[in-house]
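What follows is a short report on a single structure.
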2 protein chains.
Amino acid sequence: MIRVLLADDEGMIRSALAALLRLEPDIEVVAECADGAEAVAEAARLKPDVCLLDLEMPRLDGVEVAERLNRTTATRCVIVTRHARPGVLRRALASGAAGFLPKSRGADEVAAVIRRVAAGGRYVDPEVAADALSDERSPLTDRELDVLRAGRNGETTRQIARTLSLAPGTVRNHVSTVLGKLAVETRQQAVLLAQERGWI
Amino acid sequence: MIRVLLADDEGMIRSALAALLRLEPDIEVVAECADGAEAVAEAARLKPDVCLLDLEMPRLDGVEVAERLNRTTATRCVIVTRHARPGVLRRALASGAAGFLPKSRGADEVAAVIRRVAAGGRYVDPEVAADALSDERSPLTDRELDVLRAGRNGETTRQIARTLSLAPGTVRNHVSTVLGKLAVETRQQAVLLAQERGWI
DNA sequence: CTACGGGCATGACACATGTCATGGCCGGGG
DNA sequence: CCCCGGCCATGACATGTGTCATGCCCGTAG
């Protein structure tokens with residue numbers, strides 16, 4: 001019997017997956033969690049064989065949860081996400097996750113992936129893997145990413161400069177090179193593109 | 001037998017809901033669609049009793065689909081969404097949708113809502129409804145919303161002006177009053193806030 | 001009718017933002 | 001060693017953006 005923990009902040013998909021997994025004779029759903037912190041706590045208590053973790057969750061995201069669990073328990077983690085971008089996949093694998101499944105795949109694949117991972121194997125969605133191999137790593141430097149992150153909610157140059165302890169001119173300069181590298185015209189477009197590609 | 005069309009761009013939740021609904025003796029899933037345009041076409045062809053429509057879909061969103069179907073067929077629509085904000089609910093009801101269900105609710109409620117709507121009733125999630133009654137309508141004028149929408153991806157003032165056939169100064173003015181009304185400092189923050197509240 | 005208020009549009013002005021040229025710092029070859 | 005190239009930081013300059021005062025149009029209250 002494979003003991004599974006489910007974590008997803010979206011109640012509908014969480015309960016739907018739970019209901020479907022309960023129909024499988026060899027799988028037992030031992031916990032359903034609505035955020036990352038809860039998932040960490042429950043996983044520590046229940047020691048499930050596999051954790052199915054949504055990437056976008058409040059408090060701790062799926063990758064952060066996988067990181068912590070890999071340090072403290074023997075649980076194997078599968079990251080599930082809406083935004084299956086190469087950068088995200090890299091983050092997930094770096095955290096020690098054993099599986100990576102985009103939500104664009106059918107629910108029927110979930111049980112199969114769980115079995116494979118529970119048996120000690122790994123699973124990475126082939127399509128995203130192909131993308132990740134072909135596509136470039138972020139062309140942005142660390143500092144440029146810092147600036148982008150600090151300004152992702154429309155913060156003003158002055159605010160970004162304060163949070164990073166920089167002169168406003170420096171921030172503008174970093175932004176400018178980012179715009180050039182990404183071939184866009186405004187910071188907002190740069191932020192959207194970088195998020196799209198999983199760089200921030 | 002209630003004939004149901006399912007439309008959601010996220011394959012996992014679409015197939016999970018389909019699998020669960022097929023377990024219900026009185027419900028038949030006649031179509032699964034991955035975007036709004038496909039949903040419109042399939043609904044016209046198959047005349048389902050109920051359409052379960054995700055709000056966020058490529059090409060046509062759920063509300064736009066519901067609008068078209070209400071003009072052309074007798075199908076009753078249920079809008080399902082991640083972002084269950086009062087503004088979104090208002091849009092949905094204005095489009096003639098018979099049901100509104102946030103994805104934070106469990107999958108087990110879906111069948112119940114479908115039955116209710118198929119029987120000629122309506123269903124609106126009580127929690128969102130309460131929010132919608134207590135909370136304010138958008139303080140922004142139509143034109144201000146147009147400008148915000150046209151600039152939601154970081155378009156430059158000039159581009160917004162062109163798409164709306166306005167002078168750049170006018171666009172700046174609308175943006176300015178929006179910033180004042182929403183008490184924020186940049187367009188990007190205004191866009192984020194307006195999206196958050198379901199105004200655009 | 002007339003006065004008023006709200007939405008819409010506009011141009012001039014002040015300020016924030018993007019661009020550019022420059023210089024310091026560090027690490028890896030010739 | 002010394003030079004080169006990448007990254008980071010900065011200030012001056014040009015351009016884009018936000019603010020303001022103004023005017024038009026229209027519906028409505030006096």
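All of these numbers come straight from a predicted model, not from anything done at the bench. Lettering follows sequence order; numbering is per chain, from 1.
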Review point. So, is A/Thr141 near the phosphate of D/dC8, with a side-chain N or O under 4.0 Å from OP1 or OP2?
Key: yes

Practice item. Before accepting this row, confirm whether a basic side-chain N of the pair A/Asp125/A/Arg105 lies closer than 4.0 Å to the acidic partner's carboxylate O. Key: yes

Check your understanding: Salt bridge check: are A/Arg3 and A/Asp49 linked by an N-O gap of less than 4.0 Å?
Key -> no

Study note, to complete from the structure: Between CG of A/Asp142 and C1' of D/dA9 the distance, given in whole Å, is 16 Å

Check your understanding: Looking across every strand, which nucleic acid part, if any, lies under 4.0 Å from A/Thr170 by heavy atom: base, sugar-phosphate, or nothing?
Key -> base

Review point. So, B/Asp54 and B/Arg14, do they make that salt bridge, N to O below 4.0 Å?
Key: no

**Study point:** Between D/dT10 (C1') and A/Arg143 (CZ): distance, integer Å
**Key:** 14 Å

Exercise for review: Round to a whole Å and report the spacing from CD of A/Glu144 to P of D/dG6.
Suggested key: 13 Å

**Study point:** Base versus backbone protein contacts along nucleotides 18-27 of chain D [heavy-atom cut-off under 4.0 Å; B, S, -]
**Key:** BBB-------

Review point. So, is B/His174 close to the C/dA9 phosphate, meaning a side-chain N or O under 4.0 Å from OP1 or OP2?
Key: yes

Check your understanding: Could A/Glu38 and A/Arg45 be called an ion pair, given the rule that one side-chain N must be under 4.0 Å from one carboxylate O?
Key -> no

Review point. What residues, two or more places apart in sequence or in another chain, satisfy salt bridge (charged side-chain N to carboxylate O under 4.0 Å, His left out) together with B/Arg116?
Key: none

Practice item. Starting from B/Leu20, walk the hydrophobic network (Ile, Leu, Val, Met, Phe, Trp, Tyr; side-chain heavy atoms closer than 4.5 Å) and list everyone else you reach, by chain and number. Key: A/Leu20, A/Leu23, B/Leu23

Revision key, fill the gap. Taken to the nearest whole Å, CZ/B/Arg158 to P/C/dG11 is 14 Å

Exercise for review: Quickly work out the B/Glu155 CD to D/dT17 C1' distance and round it to whole Å.
Suggested key: 15 Å

Exercise for review: Could you tell me the separation between the CG atom of B/Leu166 and the P atom of C/dG11, rounded to a whole number of Å?
Suggested key: 11 Å

Exercise for review: Calculate the interatomic distance between B/Leu148 atom CG and D/dT17 atom P; express it in whole Å.
Suggested key: 15 Å

Exercise for review: Can you tell me the distance, in whole Å, between the CD atom of A/Gln188 and the P atom of C/dT17?
Suggested key: 13 Å

Check your understanding: Ion pair present between A/Glu32 and A/Arg22, side-chain N to carboxylate O less than 4.0 angstrom?
Key -> yes

